Amino acid sequence: MKCLLNKRSKVGHRFVLDREIAIFQKKLSHWWRVNAREFPWRNDNATSYHLIVSELLLQRTRAETVELYWPKFINIFSDWDTLANTSEKKICKILQPLGLSRQRAPRIKALAVEICTEKGRFPQTQEDILLLPGVGQYIANAILLFVHDVPAPLLDVNMARVLERYFGSRKLVDIRFDPYLQSLSKMIVTNNDPRMINWAILDLGALVCKSANPICNQCPLKSNCRHFHRSGRSLRQRK
DNA sequence: TTCCGGTAGG
DNA sequence: CCTACAGGAA
């Protein structure tokens with residue numbers, strides 16, 4: 001039993017103890033039980049359409065901003081079919097206040113058309129999912145997670161920041177193709193409740209482990225966090 | 001690698 | 001005022 005937990009896994013260019021992963025997951029889920037953010041797309045009655053469309057709206061856009069426009073968007077576009085049958089121009093106009101509308105509108109429409117052509121079916125494998133229009137590394141993982149219920153990381157800048165501070169930084173510049181972050185995040189979200197642990201990491205990144213002015217002393221993970229110990233040491237040295 | 005963009009928060 | 005944001009494509 002103990003041997004299992006002390007097993008070391010090679011993750012990208014680093015080694016991580018399996019026990020560290022377990023501790024991270026456990027402390028985080030405890031924290032999340034009390035501190036979870038609430039969003040309409042996280043409701044129990046949210047469909048996979050709601051979840052995937054939300055991820056498209058959330059690209060390079062704060063969750064709090066999306067939350068504001070979400071009811072309006074869902075009210076107008078209640079399903080893939082409605083979206084597929086609306087002109088790009090109109091979609092663009094609705095998306096305008098969110099920004100990036102001129103790029104997002106054609107992508108969202110193209111994806112909706114494709115999904116409708118397939119009668120609401122998504123491809124099964126990651127390889128085939130990535131062939132969908134407007135679907136990159138991130139949305140592909142979201143589809144695996146929310147449509148197929150497969151453990152997959154919502155690896156965005158926020159999750160990357162949390163993991164890098166805790167476990168150590170990546171080598172590559174681009175998060176989306178860094179093998180260390182990809183495999184580490186996948187290990188972390190592979191547990192009993194992949195959606196929960198994904199949301200928990202994102203919430204920690206938004207509420208505590210913020211990019212500027214993180215609140216390390218309120219962090220449930222500080223005792224094992226590299227960043228906390230490093231910044232603590234440098235603070236002491238400065239005094 | 002670069003660009004897209006309106007918005008909320010510092 | 002400036003920064004950062006649940007990324008993807010050219």
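On a predicted model such as this, the values are computed, not experimentally measured, just so you know. In what follows, chains carry the letters A, B, and so on, assigned in the order in which the sequence lines appear, proteins first and then strands, with residues in each chain numbered from 1. Values below: all heavy atoms of this structure, side chains included; hydrogens, waters and symmetry mates excluded.
The closest donor-acceptor contact from the side chain of N43(A) to the backbone of A46(A) lies at 3.5 Å or more, if one exists at all. Within the 3.5 Å criterion, the main-chain N or O of P194(A) finds a donor-acceptor partner in the side chain of N198(A). With hydrogens and angles ignored, the 3.5 Å screen pairs no side-chain donor or acceptor of R62(A) with any backbone N or O of E64(A).
Among the heavy atoms of the strands lying under 4.0 Å from G136(A) are primed sugar atoms or P, OP1, OP2 only; no base atom is included. Within 4.0 Å of Q137(A), counting heavy atoms only, lie sugar-phosphate atoms of the nucleic acid but no base atom. Among the protein residues, L155(A) comes within range of no part of the nucleic acid, since none of its heavy atoms lies under 4.0 Å from any strand. Nucleic acid contact class of T61(A) (heavy atoms, under 4.0 Å, all strands): base.
Between the CE atom of M159(A) and the C1' atom of dC5(C) there is a distance of 16 Å, rounded to whole Å. For the pair L98(A) CG and dA4(C) C1', the interatomic distance rounds to 16 Å; values are reported in whole Å. If you measure from atom OH of Y69(A) to atom P of dG5(B), you get 16 Å, rounded to the nearest angstrom. Atoms CD1 (I108(A)) and P (dA9(C)) sit 12 Å apart, rounded to a whole Å. Look at CZ on R102(A): it is 15 Å from P on dA10(C), rounded to the nearest Å. Rounded to whole Å, atom P of dG5(B) lies 6 Å from atom CG of L100(A). Following rounding to the nearest Å, D156(A) (CG) and dA4(C) (C1') show an atom-to-atom distance of 12 Å. Computed from coordinates, the L58(A) CG to dG5(B) C1' distance equals 16 Å when rounded to whole Å.
Of the residues near DNA chain C, W199(A) and P133(A), the one whose nearest nucleotide (by heavy atom distance) lies more toward the 5' end is W199(A). Where G99(A) and F177(A) each meet DNA chain B at their nearest nucleotide, the meeting point lying more 5' is that of F177(A). Annotation: of the two residues near DNA chain B, K210(A) and V173(A), the 5′-most nearest-nucleotide partner is V173(A).
With dC5(C), dA8(B), dA6(C) as the choices, the nucleotide that has an atom nearest any side-chain atom of W41(A) turns out to be dA6(C). Checking dG6(B), dA4(C), dT1(B) against the side-chain heavy atoms of D174(A) singles out dT1(B) as nearest. Side-chain atoms of Q96(A) lie closest to dG6(B) of the nucleotides dG6(B), dA6(C), dG5(B).
Note on R107(A): every side-chain N or O is 4.0 Å or more away from OP1 and OP2 of dG7(C). Applying the 4.0 Å criterion to OP1 and OP2 of dG7(C), one finds that Q103(A) has every side-chain N and O outside that range.
Aromatic ring centres of F167(A) and Y180(A): separated by at least 6.0 Å.
Aromatic ring pairs are classed by plane angle as parallel below 30°, tilted from 30° to 60° and perpendicular above 60°; the pair F122(A) and W80(A) is perpendicular.
The base of dA4(C) sits within donor-acceptor range of the side chain of R62(A), with an N or O pair under 3.5 Å. You'll find a donor-acceptor pair under 3.5 Å spanning the side chain of R37(A) and the base of dA6(C), going by distance alone.
Across dA6(C) and dT1(B), the matching P atoms stand 23 Å from one another, rounded to whole Å.
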* Walk me through it: do R226(A) and S169(A) pass the test side chain to side chain contact (heavy atoms under 4.5 Å, CB included)? => CA-CA 10 Å; R226(A) 285 184 185 227; S169(A) 49; over 6 Å; no
